[in-house]
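Read through the structure below, which is laid out as structure tokens, and then see the notes.
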Amino acid sequence: MEEQTKIQIVLVSADAKTHQIVLKTFEDSDAEVITLYDCHAFVRESFKYAEDWSIIIIDQFFGSISSIEFINKIRQAYPHLLFIIIKNSKLVDAVVDSALNSERIKYLLHPIEANALKVFINECHPDPKIFKILDSNDAKMAFVKDSDQPIGECPKFISALDIAKRVAPSFASIFLFGESGTGKEIFAKYIHTHSKFKNGPFIAINCSAIPENLFESEFFGHVKGSFTGATSNRAGFFEAAHEGTLFLDEVADLSLNHQAKILRALQDKKIKPVGSSEDILINCRIISATHKNLAKEVLAGQFREDLFFRLNVIPIFLPSLRDRKEDISLLAHIFLHRYVLMNKSDITGFTQKAMDYLNQNKWRGNVRELENAVERAVIMCSKDKIEIKDFIASSSESSDLSIADSTLADTKFDNVFSVYHDDDLPTLETVINEYIAYAVDLNHGAKDKTAKDIGIDRKTQYKRIDKVVS
């Protein structure tokens with residue numbers, strides 16, 4: 001029986017770490033990885049062996065016109081070749097991008113990761129042999145698990161990520177500001193994995209979820225017998241995060257008393273467990289976050305100024321999704337791929353109208369809301385592509401929705417919330433009036449039905465409705 005020809009994958013890179021990652025990607029496969037360390041070797045070897053190659057991965061693209069011309073010549077001679085160019089920037093030089101405009105040239109961003117590279121090649125190279133080698137459910141699920149990292153191309157987002165990259169290796173405390181759902185914990189994990197504390201634990205705490213009476217035990221730990229129910233010694237958050245990172249999410253929700261105790265622990269770099277007479281030294285990176293305007297909280301006396309300055313050495317502001325509209329499509333496709341894999345679905349993408357709906361939505365819950373919407377749509381979708389109705393179909397009522405041929409229009413009710421932010425909230429009267437106007441429009445002006453639907457008292461229903469619609 002003739003032995004099956006191995007698939008040959010060529011790596012051109014001067015970076016040893018990239019070599020390790022690519023070799024790890026294919027270590028359990030039947031593919032052969034040919035490693036080259038510079039473009040001169042690539043040129044030399046291509047004249048002899050390019051016909052046998054399948055994929056060429058080029059790290060740190062050598063963007064001279066001569067190398068572009070050479071790649072184009074190889075592509076013309078061997079159109080089966082797939083080029084994957086790993087680059088540092090989200091933006092490709094216009095000359096390079098134009099010269100290499102081809103379906104057989106794909107781009108990846110540093111840093112690359114083995115499982116993600118496997119799935120990427122699966123998508124870009126529809127070769128049955130490649131799929132046979134790489135179509136491992138374990139690899140795919142590992143990609144789903146490990147792909148939780150900051151992703152975006154919006155300039156504001158790139159600026160925030162650039163700051164995170166630059167300050168991660170330092171020991172400075174970092175404060176992440178942004179609305180709920182903007183990805184503050186993902187940024188915190190990213191900073192941790194690129195810091196000097198990366199080999200230590202990452203402990204994430206939602207400060208708003210800590211019961212008042214358990215604060216000291218949770219943060220500082222306790223010893224056996226220190227209070228009823230303390231049946232054993234227990235390490236607190238600070239001790240658990242020793243030599244690692246402690247992420248204090250929604251830190252502005254701590255009481256002033258608890259803020260003072262956090263401040264003392266950070267200043268002294270030691271804690272005393274409840275019921276203990278001995279101090280424990282702590283050494284961990286502190287990353288804090290809040291969706292509130294912390295400067296206003298300080299001025300209002302709701303947050304200690306000294307703790308604010310202790311935590312806010314490096315501030316990073318994460319933009320809302322409405323301020324990074326260009327990232328919606330990118331994020332939606334990433335979430336689609338994730339949940340298609342998790343649910344073993346055959347969905348291949350979004351219809352154009354579904355994508356229009358995503359791009360036009362307000363996404364007040366930001367990236368978290370978008371991800372939830374895509375996950376729900378993958379579960380509800382019964383076709384090969386997600387439609388608009390799949391985003392809102394959650395019950396038997398979905399069969400009555402007739403929106404397949406149109407995008408969801410904005411309403412007054414939608415607008416009343418979308419145009420206001422934390423520092424510019426509408427009055428309750430405005431919200432009520434907008435809601436009534438919305439209900440009247442929904443019922444085509446029928447006052448009786450509107451009053452019944454929204455539960456207005458019979459004595460005041462017409463007066464209230466007439467006031468709004470007059």
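Atom set for the values below is all heavy atoms of this structure, side chains included, hydrogens, waters and symmetry mates excluded.
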Item checked: Pair Cys284-Phe238, side-chain contact (heavy atoms from CB on, under 4.5 Å): steps then yes or no -> CA-CA 8 Å; Cys284 58; Phe238 276 104; 4.2 Å; yes
Next item on the list: Take Ile316 and Phe177, measure what side-chain contact (heavy atoms from CB on, under 4.5 Å) needs, and give me the verdict at the end.
Entry: CA-CA 6 Å; Ile316 301 178; Phe177 296 92; over 6 Å; no
Next item on the list: Apply side-chain contact (heavy atoms from CB on, under 4.5 Å) to Leu321 and Thr182, showing your working.
Entry: CA-CA 7 Å; Leu321 196 52; Thr182 49; over 6 Å; no
Margin query: Between Val367 and Arg324, is the side-chain contact (heavy atoms from CB on, under 4.5 Å) condition met? List the steps.
Written below: CA-CA 10 Å; Val367 179; Arg324 44 183 296 213; 3.8 Å; yes
Next item on the list: Dump the intermediate steps for salt bridge (charged side-chain N to carboxylate O under 4.0 Å, His left out) on Glu218 and Arg234, then the final yes or no.
Entry: CA-CA 9 Å; Glu218 292 294 316; Arg234 182 183 183 279; 3.4 Å; yes
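The two residues Leu370 and Ala332 come nearest to each other via the heavy atoms CD2-N, 4.2 Å. Here the closest non-hydrogen pair linking Glu326 and Pro155 is OE2-CD, 3.5 Å. The shortest non-hydrogen separation linking Ile191 to Ala164 is CG1-CB, 3.9 Å. Among all heavy-atom pairs drawn from Asn359 and Ser329, the shortest one is OD1-N, 4.1 Å. When all heavy atoms are compared, the tightest approach of Cys381 to Ile347 is CB-CD1, 3.6 Å. Of all non-hydrogen atoms in Ala188 and Ile287, the two that sit nearest each other are O-CD1, 3.7 Å.
Ring pair Phe157/Phe187: centre-to-centre distance below 6.0 Å. Within the 6.0 Å centre-distance limit, the rings of Tyr190 and His194 are counted as a close aromatic pair. Here Phe171 and Phe197 bring their ring centres to under 6.0 angstrom of each other.
Within 6.0 Å of CD in Glu305 there are 12 or fewer heavy atoms belonging to other residues, nucleotides or ligands. Atom NZ of Lys383 has 12 or fewer neighbouring heavy atoms from other residues, nucleotides or ligands inside a 6.0 Å radius. Around atom NZ of Lys17, no more than 12 heavy atoms belonging to other residues, nucleotides or ligands sit under 6.0 Å away.
Considering CD1 of Ile84 and CD1 of Ile55, their distance stands at 5.5 Å, rounded to 0.5 Å. Summarising the geometry, atom NE2 belonging to His222 is positioned 9.5 Å from atom CG belonging to Leu214; distances are rounded to the nearest 0.5 Å. Atoms CD1 and CD1, from Ile163 and Ile174 in turn, are 10.0 Å apart once rounded to the nearest 0.5 Å. Atoms CG and CG, on Leu256 and Leu263 in that order, are 12.0 Å from each other to the nearest 0.5 Å. Expressed to the nearest 0.5 Å, how far CG of Leu248 lies from CD1 of Ile262 amounts to 6.0 Å. Expressed to the nearest 0.5 Å, how far CG of Asn366 lies from OG of Ser180 amounts to 8.0 Å.
Ring geometry, Tyr357 versus Trp363: the interplanar angle exceeds 60°, so the pair is classed perpendicular (tilted spans 30 to 60°). In this pair, His333 and Phe350 present their aromatic rings perpendicular. The plane angle is above 60°, beyond the 30 to 60° band. Note: Phe202 and Phe247 have parallel aromatic rings, judged against thresholds of 30 and 60 degrees for the angle between ring planes.
Here Lys292 pairs with Asp253 in a salt bridge; the nearest charged N to carboxylate O distance falls below 4.0 Å. Between Arg338 and Glu375 there is no salt bridge, since no side-chain N of the basic residue sits under 4.0 Å from a carboxylate O of the acidic one. Ionic pairing of Arg304 and Asp306 is present here: one or more N-O contacts between side-chain nitrogen and carboxylate oxygen are shorter than 4.0 angstrom.
You'll find the side chain of Leu246 reaches within 4.5 Å of the side chain of Phe237, heavy atoms only. Looking at heavy atoms from C-beta onward, Ile57 lies out of side-chain contact with Phe83 at the 4.5 angstrom threshold. Here the side chains of Ile386 and Phe391 are in contact, with some heavy-atom distance below 4.5 Å.
Between the side chain of Ser159 and the backbone N or O of Lys156 there is no donor-acceptor pair closer than 3.5 Å. When atom types are taken as modelled, the side chain of His19 and the backbone of Ser13 share a donor-acceptor pair closer than 3.5 angstrom. For the pair Asp390 (side chain) and Glu387 (backbone), a donor-acceptor distance under 3.5 Å is present. Glu243 places no side-chain N or O within 3.5 Å of a backbone atom of Gly200 that could act as its donor or acceptor partner. With Asp346 contributing its side chain and Asp384 its backbone, the two residues share no donor-acceptor pair below 3.5 Å. Side-chain N or O atoms of Arg285 include one that pairs as donor or acceptor with a backbone N or O of Ala168 at under 3.5 Å. Side chain of His242 to backbone of Ile282: no donor-acceptor contact under 3.5 angstrom is found. The closest donor-acceptor contact from the side chain of Asn312 to the backbone of Phe175 lies at 3.5 Å or more, if one exists at all. The closest donor-acceptor contact from the side chain of Asn343 to the backbone of Tyr339 lies under 3.5 Å.
Checking Asn206 against Ser208 by side-chain atom types alone, a donor-acceptor pair falls below 3.5 Å. Counting only N and O atoms by type, the side chains of Glu297 and Asn293 include no donor and acceptor under 3.5 Å apart. Asp323 and Ser320 share a donor-acceptor pair across their side chains, judged by distance under 3.5 Å alone.
The cationic atom of Lys261 (NZ for Lys, CZ for Arg) does not lie both less than 6.0 Å from the six-membered ring centre of Phe215 and within 45° of the ring axis.
Of the candidates Val313, Leu266, Thr245, Ile286 forms a side chain to side chain contact (heavy atoms under 4.5 Å, CB included) with just one, namely Leu266. Across Arg322, Arg368, Lys184, a single residue satisfies salt bridge (Lys or Arg N to Asp or Glu O under 4.0 Å) together with Glu179, and that is Arg322.
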